[in-house]
Amino acid sequence: QVQLVESGGGLVQAGGSLSLSCAASGNIFTINALGWYRQAPGKQRDLVATVTSGGTINYADSVKGRFTISRDNAKSTVSLQMNSLAPEDTAVYYCYARVGDWGYWGQGTQVTVSS
């Protein structure tokens, strides 16, 4: 019902910035929340930031103050601005959409931060 297409991953030096974008298509009017998760090597997939259809935003403590999530309902997109990046931010980042108790995932985009 919902398709997610990500862009913006890449390699950046520590202290640098990177912006990720995710475009949603399909039955976009049923989406309750959009967000970003990440999975580093040897670790589970963890929440980075989410924004609900009502505008409520949540951040993981590890990224608070450095990352900013934003959504444009008219364009059906959600973005993640990442500043002050550190090597521990290296992970595959996944776009996520929630429709009730159903979840939809993007394909993932690699973010690598070099020291």
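- Nearest approach of Ser84 to Asp89, heavy atoms of both residues: O-OD2, 4.4 Å.
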Handout entry: Arg38 vs Val63, side-chain contact (heavy atoms from CB on, under 4.5 Å): CA-CA, chis, key distance, verdict
Key = CA-CA 11 Å; Arg38 67 185 181 185; Val63 307; 3.9 Å; yes
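- For the 3.5 Å distance criterion, the side chains of Asn83 and Ser17 qualify, holding a donor opposite an acceptor.
- When all heavy atoms of Val48 and Leu80 are compared, the pair lying nearest together is CG1-CD2, 4.1 Å.
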Exercise for the section: Please test Thr68 against Tyr59 for side-chain contact (heavy atoms from CB on, under 4.5 Å), starting from the C-alpha separation and ending with a verdict. Expected result: CA-CA 9 Å; Thr68 302; Tyr59 292 101; 3.8 Å; yes
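- Just one of Val51, Thr50, Thr52 meets the side-chain contact (heavy atoms from CB on, under 4.5 Å) condition when paired with Asn58; it is Thr50.
- For the ring pair (Phe, Tyr, Trp, His ring centres under 6.0 Å) with Trp105, the qualifying choice from Trp36, Tyr96, Tyr93 is Tyr96, the only one to do so.
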Show me the donor-acceptor pairs, under 3.5 Å and distance only, between side chains in residues 106-115 and residues at least two apart or in other chains.
| unit_1 | atom_1 | unit_2 | atom_2 | d |
| --- | --- | --- | --- | --- |
| Thr109 | OG1 | Gly9 | N | 3.4 |
| Gln110 | NE2 | Ala91 | O | 3.4 |
| Gln110 | NE2 | Thr112 | OG1 | 3.3 |

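- No chain of hydrophobic side-chain contacts below 4.5 Å, direct or via other Ile, Leu, Val, Met, Phe, Trp or Tyr residues, connects Leu47 to Val99.
- Taken to the nearest 0.5 Å, the CD1 atom of Ile28 stands 11.5 Å off from the CG atom of Leu4.
- Atom CZ in Phe67 sits 11.5 Å away from atom CD1 in Ile69 (nearest 0.5 Å).
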Exercise for the section: Carefully, step by step, assess Tyr104 and Arg98 under the rule side-chain contact (heavy atoms from CB on, under 4.5 Å). Expected result: CA-CA 6 Å; Tyr104 298 87; Arg98 178 177 174 173; over 6 Å; no
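- Going from atom OG of Ser70 over to atom CD1 of Ile57 covers 8.0 Å, rounded to the nearest 0.5 Å.
- Considering every non-hydrogen atom in both Gly8 and Leu18, the closest pair reads O-CG, 3.6 Å.
- When the side chains of ILVMFWY residues are joined at heavy-atom separations under 4.5 Å, either directly or via intervening members, Leu11 and Met82 end up in two distinct hydrophobic clusters.
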Practice task
Run the numbers on Phe29 and Ile31 for side-chain contact (heavy atoms from CB on, under 4.5 Å), then give the verdict.
Solution key: CA-CA 6 Å; Phe29 298 106; Ile31 295 176; over 6 Å; no
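- Between the side chain of Glu6 and the main chain of Cys95, a donor-acceptor pair closer than 3.5 Å is present.
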